[in-house]
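Worth saying up front: this structure is predicted, and the values here are computed from it rather than measured. Counting starts at 1 for both ligands and their atoms, in listed order.
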Amino acid sequence: MALFFFSPRFLFFSTIIPFLVSIALYRLDTFDPAPLPADALVYSTNSTPPLLNDQLLTGAEFIGVALLNSPEDIAYHRDSGLIYTGCVDGWVKRVKVLDSANDSVVEDWVNTGGRPLGIAFGLHGEVIVADAYKGLLNISNDGKKTELLTDEAEGVRFKITDAVAVGDNGVMYFTDGSYKYNLHQFAFDILEGKPHGRLLSFDPTTRTTRVLLRDLYFANGVSMSPDQTHFVFCETPVRRCSKYYINEERVELFIQDLPGYPDNIRYDGDGHYWIAMPSAATTLWKVSMQYPFVRKLTGMAAKYGFEPMFMENAGVLQVDLYGKPIALYHDHKISHITSGVKIGKYLYCGTLLHSHIIRLDLLKYPAR
Ligand SMILES: *[C@@H]1O[C@H](CO)[C@@H](O)[C@H](O)[C@H]1NC(C)=O
Ligand SMILES: *[C@@H]1O[C@H](CO)[C@@H](O)[C@H](O)[C@H]1NC(C)=O
C-alpha cells in the first residue's frame with residue numbers, strides 16, 4: 001500500500017487527472033473576462049488626499065439599528081429634515097435623525113417590491129427611485145402612488161437601475177449598471193471587465209428615455225453639479241468619475257485612480273462631493289483586475305458558491321468641485337459602504353451589508 005503513493009499510478013490519479021480535468025473545465029467555461037483599459041490599472045498616490053481619518057468607526061454612531069436592512073443610498077430632504085434610504089427588502093424608509101442617534105425614528109414608507117438603490121427628489125416633492133429590478137420609479141410625495149417612469153432604452157431593458165439625480169430642469173439623469181447581469185449577479189459583471197453600463201436621461205415633459213453614454217464600466221453613482229451645467233458619474237471597476245456636460249453633451253474626466261471602487265457620489269451643497277467606496281483597491285483586487293484569468297477562475301469558483309468579492313477597507317472620499325481630493329474617511333474594519341453624504345456636521349454612510357446607517361461627527365472626529 002505504502003508503495004502506491006510513490007507509484008506512477010498514484011501520480012497519475014492524484015495529479016495529472018485533476019490537472020487535465022481543471023484545464024478542460026477552464027476551457028469549456030464560457031465566462032470570458034476581458035482585460036481592463038490600461039489607465040484603470042494605474043495605482044499612484046495622485047488621488048490620496050492630504051487629510052485622513054483611517055478609523056471611521058471610532059466614534060461613529062449607528063442609526064436605525066436592525067430597522068434598516070442594507071440601506072444603500074441616502075437622500076436628505078431639506079424641507080422635512082428626513083433621510084430617505086432604500087433597503088434590500090424593497091422598503092424605502094424615512095428616518096428622522098436626532099442628535100441622540102439611538103432616538104432616531106425609522107418609518108417604513110413605501111415598498112417598491114424591488115430593490116430601491118438610488119434616491120433623489122423631483123421638482124414637485126415626489127421621490128424618484130432607481131430600483132435595481134424595476135427601473136426608474138416616481139413615488140408621489142404622499143407615498144400613495146408609485147409609477148414606473150422607464151425601464152428600457154433603445155429596446156434594451158435595464159438590468160441594474162442604479163443611481164439617479166434630478167436637474168433643476170426636471171430631467172432625471174440616471175445609470176444602468178449593466179444590461180447583461182442583474183443585481184444578484186453583479187459580481188460577474190465586475191469580474192468580466194466589460195462595459196455593459198449606460199448613462200441615461202428621462203425627460204418627464206416628453207416622457208422619453210435617452211442613452212447619453214454607452215459602454216461604461218458598471219455605471220454607478222450620479223450627482224448634479226451646483227451650477228447645473230453638468231453632473232458627475234462613477235464607473236466602479238475602473239475607479240474613476242467623469243463629468244457629463246448637459247448642453248454640450250460632452251464628457252470630461254473628473255477624478256481617476258481612486259483609492260477604491262466608487263459607488264454613490266453626493267454633492268453636499270457646500271463645495272464638496274462625497275464618493276463612497278465599498279472596498280479599497282487591495283492587493284487581491286489589483287491582481288484580479290490585472291489578470292483576466294484570475295477573474296475567470298474567481299467567476300468559476302463563484303458558480304460553486306465561493307464569495308467572489310473581496311471587499312475590504314471601505315470609505316468615503318471628499319473631493320472639491322474640481323475633483324481634487326480633500327479628505328478620506330475609511331476603516332479596515334468595515335466593507336460595503338455604498339454612500340456618504342454630509343448633512344450639517346455629520347457624515348452619514350449607507351451600506352450594503354449592515355442593518356443601520358453609520359454616522360460620524362466630523363467636528364469631533366475630523367480627518368487630519
Ligand atoms: C445606543 O445604543 C447602543 C446599543 O443599544 C448602546 O451601546 C449605546 O450605549 C447607546 N448610546 C447612547 C448614547 O445611549
Ligand atoms: C410623479 O407623480 C406625481 C403624481 O403621483 C406627479 O404629480 C408628478 O408630476 C410625477 N413626476 C414625474 C417626474 O413624473
If a pair satisfies ring pair (Phe, Tyr, Trp, His ring centres under 6.0 Å) and one of its residues is in residues 297-328, list it, with sequence neighbours excluded. Trp285-Phe310
Identify all side-chain donor-acceptor contacts of residues 56-63 below 3.5 Å with residues at least two apart in sequence or on another chain.
residue: Glu61; atom: OE1; partner: Arg359; partner atom: NE; Å: 2.9
residue: Glu61; atom: OE1; partner: Arg359; partner atom: NH2; Å: 3.0

Side-chain ion pair, Asp108 and Arg94, N-O less than 4.0 Å: no
Heavy-atom cut-off of under 4.0 Å around ligand 2: list whichever protein residues fall inside it, by chain and number. Glu126, Asn138, Ser140, Lys145, Glu147, Leu149, Met172, Pro204
Can we call the ring centroids of His196 and Tyr179 under 6.0 Å apart? yes
Checking Phe233 against Tyr173 for the ring-ring contact (aromatic ring centres under 6.0 Å, His included) test, could you report, in this order, the C-alpha distance in whole Å, the side-chain angles of both residues, the deciding distance, and whether it holds? CA-CA 10 Å; Phe233 66 93; Tyr173 302 100; over 10 Å; no
Sorted by chain and number, sequence neighbours left out, side chain to side chain contact (heavy atoms under 4.5 Å, CB included) with Lys144 holds for Ser140, Asp142
